Amino acid sequence: MKDSGRFDPAVADVRWQRRWDDERCFIADTDSGKPKTYVLEMFPYPSGRIHMGHVRNYTMGDVLARYRRMQGFEVLHPMGWDAFGMPAENAAMERGVHPDGWTRSNIAAMRDQLKRLGFALDWSREIATCDPEYYGHEQALFLDLYEAGLVYRKESEVNWDPVDMTVLANEQVIDGKGWRSGAEVERRKLSQWFLKITDFADELLDGLEGLGDWPEKVKLMQANWIGRSDGLRFRFEIAGEGAECDYPWVKAALAAAPEVEVFTTRPDTIFGASFVAIAPDHPLAQAVASENPDAAAFIAESKAGGTSAAEIETQEKRGFLTGLQAVHPLEPDWRLPVWIANFVLMEYGTGAVFGVPAHDQRDFEFATKFDLPIRRVVARADQDKDTPIGDEAEPGEGVIVNSRFLDGLSVDEAQQAVIRRAEDEGWGTRKTVYRLRDWGVSRQRYWGTPIPMIHCERCGPVAVPRDQLPVLLPDDVSFDIPGNPLDRNEAWRNAACPQCGGDARRETDTFDTFVDSSWYFIRFASQPIDKPFDSSEAEQWLPVDQYIGGVEHAILHLLYARFWTRALKRIGRLDIDEPFSGLFTQGMVTHETFRGADGRWLAPDEVRKDDQGNPIDAAGVPATRGRVEKMSKSKRNTVDPEPIVAKYGADAVRWFMLSDSPPERDLEWSEAGIEGAARFVQRVWRLASGSAGGEGEDAALARRVNRAVAAVGEAVDSLQFNKAVAQLYELVSAIEKAPPSSDRTKAVRTLVKLVAPMAPHLAEECWESLGEDGLVVTSEWPKFDPALLVEDEVTLAVQINGKLRDTLTAPRGLDRAEAEALALASDKVQRQLAGASPRKVIVVPDRLVNIVA
RNA sequence: GCCCCUGUGGCGGAAUGGUAGACGCGCUCGACUCAAAAUCGAGUUCCUAACCGGAGUGUCCGUUCGAGUCGGACCAGGGGCACCA
């Protein structure tokens, strides 16, 4: 290595990785007595190859883990595999491979790729969620929650492909059609298992306040997702007299329920109501449909399309007039028509709303379309009760008008007045509702954790007895027909009822993979054979001090994991409130997408540019340039780091991923710049290997090093790796320029330590070359002297009217008058002022003087 | 449609309301070399031949002695929307 004078990663990387392994450097010892810290990156789905997003994510975590270890912490930094999921079944269907074999070989390949990058991981704790040793414990935890009453069964809608006769994931619904069959997707109800996350809505919302080390935007998104809102829940009676009552469907509805309950967050606008709208699934709508074929047809039509909110909410707003008349609770003679509307959701509130077109945009559009009255009941200061409503609704603040006893009140006052009156008169109550819905965990798929329940015709659903866990996935399954192979596997499906011993059948649904990822961080901390985790051992490591992963998980995964942790606490299994005390959401690594002429996604290495720079495929056929999106297997826009690691070495790739782009920001992948990282690696190596020695002090360099130690530490602590990198570049330049001295020799040694978390192989090689004992990984992070951070000369900016006119060097600590005098003495200032005297002078000590002329 | 975020040189980006463009990439010129690679040095926002100066952080408006930073409106891009993970 020293022969060539160059650092050779092909040799060094392997060498040091083996050494770290041999010395068990990264095995976390629960009993070491050192202060503990838990650094965790979101575990990957084993899609086959790692991509640049993984490299970025795991490099960040690795830098922090190595830095903390050098600071003297006992660090838990584990890795595993979120191994269940749809792609394995897709591979099975497309290529006839078994999901298990496919997944295992992917894990093996990706583990090798991660090891090649030299991450400081405790591989002794590796887990894959598809291991029975993992999912069996998950089944046990589910039964714990079931016994605690936190699990129930209810009907819920899924995307149904009527041709393939199978349930589709939202991702498999493209423009309302099944991805394979191309058939129009329908919404169909299925009985499924739910976890009562709504029981924890308040806790999960209030708990956000204690999460000081979480990004504000994530907390905001979670709060909005939980969506607590206060309002009034009240009943409209359905009028029992009038011509409409002779309609058979109105009779049927009246027989089913003579009233409809609604929820509103705007009770103040109650006199602006022009209609009542109910969900197609509402019992009243169902009753109407039983006697009215048109209503039935409308409801059936509204079931077309997928279940995703994006799809439902962008659908055209449609309504069906039922003929039912709702009685206004404050004006007994006032009747509101009842509509069935496709935009009202049964899942939120009561599945019924009253429409106030003047002050709600959706109601406004509905009223405009169906020619319903638009009545102002809130007026801003520049409006009165007769100001017409313009082209859109006015949802804002103001004074109540056209509203009897509410006139003149503010929105807030009116809300309280209406709620009080409703409660006094007994037709409504104050109510808090949540946007958050319970968590449906049933998936009609094979490659997941079997739900440990047995359905018995006599006893109903019965839990699988603990001594029969784990419920193993059967191996003998085929994927030649669409649908869940567990359903067709008679031998596996048939079971005796644990309660009555009679014939029964296993639950063939498996868990949502978010269940698997809701507790893996606990299993990392403690992995006994006979139970999911040991509470006291897990509590020694938890909560995770720093969790790092993509922003795309800002809501679902993080909320489910928070819920699971709190549920475990409630049932007395784990005394932890929040699973992740620190969270960092890294930006995504994005890349261009391309589609070939046949519409299939093309991988980046399948696309070339023609003479005009237009994309063409390997055969020269023009390709379409798609959007720049996060790297994902499905869009085929991933970039495999392996050839780049092979060419430049692990450290250059790690360094490059940390440079330049702020870690929270999205990064559009480009290879331009990796050369610079490789060059930096060699620069550091030259400093360390060609170390000239030297005598005497270099106080200026020592100060410079001191400043770098402070700045790099601060940057890494706050995960601003790009700033740490810039600091290190500056430090290297400074050392290179400094003449030999004892301070320079020390500076090189400090530099190697500072670089170690980011470029660990290089650092070890340098450390050895400097003749130091032991490993850099286990050496101590350098300290700095805060007193040396203060410079005694400062540069003063001199502005006139806020524009920079001069800069002056001045001793630190000038008072205002001195600074002002100095600034006014400047030639450039005098020339600009041209004899005029300043009207005002603003002095920011040691920074700037602004002369207002 | 709803919620959240982002927007600064040719590129990635830096900048507690106080000198916009640190640092890196790229490019240009120079040194070293027979030559190249590597390395080292200088330069590099735009306009103006140059100086002086002027403009400039997606757009418009505002707050302020002073705005990339704070507020409002808008435009563009990205993420999430409960069965992708």
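The sequence lines fix the lettering, A, B, ..., with proteins before strands; numbering per chain opens at 1. Remember, it's a predicted structure, so these values are computed and weren't measured experimentally.
Contacts between residues 651-663 of chain A and RNA chain B, counted as heavy-atom distances below 4.0 Å, involve A:D660, A:S661, A:P662.
By the side-chain contact (heavy atoms from CB on, under 4.5 Å) test, A:S733 is found to be paired with A:R683, A:K737, residues two or more places apart in sequence or in another chain being considered.
Between the CD atom of A:Q222 and the P atom of B:rC5 there is a distance of 14 Å, given to the nearest Å. If you take OH of A:Y729 and C1' of B:rG12, they are 11 Å apart, rounded to a whole angstrom. Rounded to whole angstrom, the span from the CD1 atom of A:I800 across to the C1' atom of B:rG53 amounts to 14 Å. Nucleotide B:rG13 holds its P atom 19 Å from the CD atom of A:Q727, rounded to whole Å. Protein atom CZ of A:R847 is 11 Å distant from nucleotide atom P of B:rA20, rounded to whole Å. The CZ atom of A:R665 sits 9 Å away from the P atom of B:rG12 (whole-angstrom rounding). When rounded to the nearest whole Å, the span between CD of A:E730 and P of B:rA14 equals 14 Å. Separating the CG atom of A:L796 from the P atom of B:rU19 is a distance of 12 Å, rounded to the nearest angstrom.
For the pair A:K723 and B:rA15, the criterion of a side-chain N or O lying under 4.0 Å from OP1 or OP2 is met. For A:K217, no side-chain nitrogen or oxygen approaches OP1 or OP2 of B:rG78 to under 4.0 Å. The shortest distance between the side-chain N/O atoms of A:N722 and the OP1/OP2 oxygens of B:rA14 is below 4.0 Å.
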Quick one: the dot-bracket string of RNA chain B, using Watson-Crick and G-U wobble pairs with both distances under 3.5 Å, [ ] for crossing pairs and | for bases paired to another strand. (((((((..(((.....[....)))((((((.......))))))(((.....)))..(((((..]....))))))))))))....
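Here A:V844 lies in heavy-atom contact (under 4.0 Å) with a base. Heavy atoms of A:S517 sit nowhere under 4.0 angstrom from any nucleic acid atom. Residue A:I842 is classed as a base contact, given a heavy-atom separation below 4.0 Å to a base.
A:R153 has a carboxylate O that lies under 4.0 Å from a charged side-chain N of A:E507, or vice versa, which qualifies the two as a salt bridge. Ion pairing between a basic and an acidic side chain is recognised when a charged N comes within 4.0 Å of a carboxylate O; A:K369 and A:E316 show such pairing. The existence of a salt bridge linking A:D438 and A:K196 is excluded, since no basic side-chain nitrogen approaches an acidic carboxylate oxygen closer than 4.0 Å. Between A:E313 and A:R362 there is no salt bridge, since no side-chain nitrogen of the basic residue lies less than 4.0 Å from a carboxylate oxygen of the acidic one.
Nucleotides B:rU16 and B:rC70, compared at atom C1', are 14 Å apart to the nearest Å. B:rC11 and B:rG7 have their P atoms separated by 15 Å, with the value rounded to a whole Å. For the C1' atoms, the distance linking B:rU8 with B:rC3 amounts to 27 Å, nearest Å. Rounded to whole Å, the P atom of B:rG43 lies 14 Å from the corresponding atom of B:rC51. If you take atom P in B:rG78 and the same atom in B:rA73, they sit 23 Å apart, rounded to whole Å. Between the P atoms of B:rC46 and B:rA35, the separation comes to 33 Å (whole Å). For the C1' atoms, the distance from B:rA38 to B:rU45 is 31 Å, rounded to whole Å. Taking the C1' atom of each, B:rU63 and B:rC52 are spaced 33 Å apart, rounded to whole Å.
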Check against side-chain hydrogen bond (donor to acceptor under 3.5 Å, both in side chains), A:W214 and A:Y547: CA-CA 10 Å; A:W214 276 44; A:Y547 195 34; over 6 Å; no
For the pair A:Y135 and A:F84, evaluate ring-ring contact (aromatic ring centres under 6.0 Å, His included) and give the outcome as yes or no after the intermediate values. CA-CA 10 Å; A:Y135 71 68; A:F84 278 133; 5.6 Å; yes
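Side-chain polar atoms of A:Q361 and A:E365 form a donor-acceptor pair below 3.5 angstrom. Under 3.5 Å, the side chains of A:N170 and A:S308 contain no donor-acceptor pair of N or O atoms. In this structure, a donor-acceptor pair under 3.5 Å is present between the side chains of A:D487 and A:T508.
Closest to the side chain of A:L804, out of B:rC65, B:rC23, B:rU19, is B:rU19.
For the ring-ring contact (aromatic ring centres under 6.0 Å, His included) criterion with A:W439, the lone passing option out of A:F511, A:W193, A:Y560 is A:Y560. The one candidate from A:W655, A:W685, A:F7 that meets the ring-ring contact (aromatic ring centres under 6.0 Å, His included) condition with A:F680 is A:W655.
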Along nucleotides 79-85 of chain B, 5' to 3', which nucleotides get a B, which get an S, and which get a -, given that the test is a protein heavy-atom distance under 4.0 Å? SSBBBBB
Within the 4.0 Å limit for protein heavy atoms, which parts of nucleotides 36-47 of chain B are touched? Write it as a string from 5' to 3', B for base, S for sugar-phosphate only, - for none. ---SSS------
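The two residues A:Y45 and A:A88 have their closest heavy-atom pair at OH-N, 3.3 Å.
Projected onto RNA chain B by closest heavy-atom contact, A:N224 and A:G676 fall at different nucleotides, the more 5' of which corresponds to A:N224.
Taking the O4'-C1'-N9-C4 or O4'-C1'-N1-C2 dihedral as appropriate, B:rG9 has a value within 90° of 0 and is therefore syn.
Contacts classified as salt bridge (Lys or Arg N to Asp or Glu O under 4.0 Å) and involving residues 185-194 of chain A (residues at least two apart or in different chains) are given here: A:E157-A:R187, A:K189-A:D281.
Note that A:K154 lies in the cation-pi zone of A:F194, set by a 6.0 Å cut-off to the ring centre and a 45° limit from the axis.
In this pair, A:H54 and A:Y58 present their aromatic rings parallel. The plane angle is below 30°, not in the 30 to 60° band.
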